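Order of the sequence lines fixes the chain letters, A, B, ..., with proteins taken first and strands second; residue numbering starts at 1 for each chain. A quick note: this is a predicted structure, and the numbers were derived from the prediction, not measured.
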There are 2 protein chains.
Amino acid sequence: MTSPVRVVVVDDHAMFRRGVIAELEAAGAGEVEVLAQAADVDEAVTAVAAHRPDVVLLDVHLPGGGGVEVMRRGQSPETRYLALSVSDAAEDVIGTIRGGARGYVTKTITGPELVSAIRRVADGDAVFSPRLAGFVLDAFAGSIEVAAVDEDLDRLTEREREVMRLIARGYAYKEVAKELFISIKTVETHMSSVLRKLQLSSRHELSRWASDRRLL
Amino acid sequence: MTSPVRVVVVDDHAMFRRGVIAELEAAGAGEVEVLAQAADVDEAVTAVAAHRPDVVLLDVHLPGGGGVEVMRRGQSPETRYLALSVSDAAEDVIGTIRGGARGYVTKTITGPELVSAIRRVADGDAVFSPRLAGFVLDAFAGSIEVAAVDEDLDRLTEREREVMRLIARGYAYKEVAKELFISIKTVETHMSSVLRKLQLSSRHELSRWASDRRLL
DNA sequence: CGGACCATCGGGGTCGACCCTGATCCTCCC
DNA sequence: GGGAGGATCAGGGTCGACCCCGATGGTCCG
């Protein structure tokens, strides 16, 4: 028999962590070993660094930046991430996979299924809830258009994205300037770059563009 | 000592139910007695009819129609409902309260707090998470303003409403003029009237105003 | 008829949105 | 050390958004 999979559980709901761990100990006895748990991004990063687990069970929505932030800061070559979320929203799934997760299951999963998913992720497979599998494939099939869009968004610098978000919400240049502690001229420069990079021509189009992609 | 509060737990996530029950047994020993659990609307209605609990801990999002459906079909004079949800979205909270729930707490709640909330709901109090309390009051206070807003809309003439709709969608004055076969100056006049009558100050606010009321 | 209301348009003005050019400073990297 | 790219800002300009004042013609109504 192989050694048990070493796991860290990350979720901001104490009761949910408790339930997950209880299930893992019941259904995954001998197969899964829970090393630690964490309730927010900082705790999670610390726990990953300390234990170097095989698999991190990661909630997508977390105080302190979300699961993606954990994966960004908690780099560890031997550690794989399995997202465990209530949400099956497109942006959550895609964002989490892009962030480096090897799987994404919803919280409707049962204990034995979860143990199996953990085992497979530890072995290097990708795992998705049945309802998500078709969706993920669709997303990749439709990635031509999506890719074009997201490449545009990726081309924006961090500062440009901040300005973009505020403008799309209807802020005047003056208000954006005050909010970000920069001059109006700088806001104009960033906006000019944003519009050029996204191939748009006005703040109105930008508002539509952003709301279409749920970036607000 | 009073008799324990008799509770049914309804949530479609088995692991979450398990966590909740573990917490209730730990933090609410002697105070709370869990009679049954249910994973969907039908099970919940059956469980309520069979046990006639004092309090039903009810997840808002459920397969089979949602928590509201449970309250509609699971009428029992001595039973009170406490919603327990991940969502603090306005429509969920308002909808659930309208459906008859006596309280609404988010899943970030701790075990002891949950026991206390259950106790208070059983005693007839209304309970809301701190973050939601102010929100609920605002919603009720806001019903006055909503009525006033609709009177505002009635004050617009037919032509003004046409112009308003196009502007709210991001049309430039020039485009509105072409669309309606009138001059830019006339569009400006109508817009001026619209903004004055609705007590707004810019096309951006108008866009928000209109989309808030789903006039697009 | 005369007043109220609406739709239509104009002149003329302020201010914000957006563009172009050009500049400084800083960091990263070859 | 120099080049690339990002963040910051300025001058100067066009055009759209919005306002104030004023005007005409039409309808409805007392």
Salt-bridged, A/R159 to A/E162, with N to O below 4.0 Å?
yes
Separation of B/M191 CE from B/L200 CG (nearest 0.5 Å):
8.5 Å
Contacts of type ring-ring contact (aromatic ring centres under 6.0 Å, His included), residue B/H204, not counting sequence neighbours
A/H204
Here the distance between atom P of D/dC19 and atom CD of B/Q199, to the nearest Å, is 14 Å
Can you check the A/Y171 OH to C/dA17 P distance for me, whole Å?
14 Å
By nearest nucleotide on DNA chain C, pick out whichever of B/E158 and B/H204 is the more 5' one.
B/E158
Can you confirm whether the side chains of B/T186 and B/S183 place a donor and an acceptor under 3.5 Å from each other?
yes
Protein-nucleotide distance (B/E160, atom CD; C/dT8, atom C1'), rounded to Å
13 Å
So which protein N/O to nucleotides 8-16 of chain D N/O distances come out below 3.5 Å?
| from | atom 1 | to | atom 2 | distance (Å) |
| --- | --- | --- | --- | --- |
| D/dT8 | OP1 | A/R159 | NE | 3.2 |
| D/dT8 | OP1 | A/R159 | NH2 | 3.0 |
| D/dT8 | OP2 | A/R159 | NE | 3.1 |
| D/dT8 | OP2 | A/H190 | NE2 | 2.9 |
| D/dC9 | OP2 | A/S183 | N | 2.5 |
| D/dC9 | OP2 | A/T186 | OG1 | 2.9 |
| D/dC9 | O5' | A/S183 | OG | 3.4 |
| D/dC9 | O5' | A/T186 | OG1 | 3.4 |
| D/dC9 | N4 | A/T189 | OG1 | 3.2 |
| D/dG11 | N7 | A/K185 | NZ | 3.3 |
| D/dG11 | O6 | A/K185 | NZ | 3.0 |
| D/dG12 | O6 | A/K185 | NZ | 2.3 |
| D/dG16 | OP1 | B/K174 | NZ | 2.9 |

Report the residue from B/R165, B/R155, B/K197 that forms a side chain to side chain donor-acceptor pair (under 3.5 Å) with B/E160.
B/K197
Cation-pi check, B/K107 onto A/F16 ring (under 6.0 Å, within 45° of axis)
no
Is the phosphate of D/dC20 approached by B/S192 (side-chain N or O, under 4.0 Å from OP1 or OP2)?
no
Rounding to an integer number of Å, can you tell me how far B/M191 CE sits from C/dC9 P?
17 Å
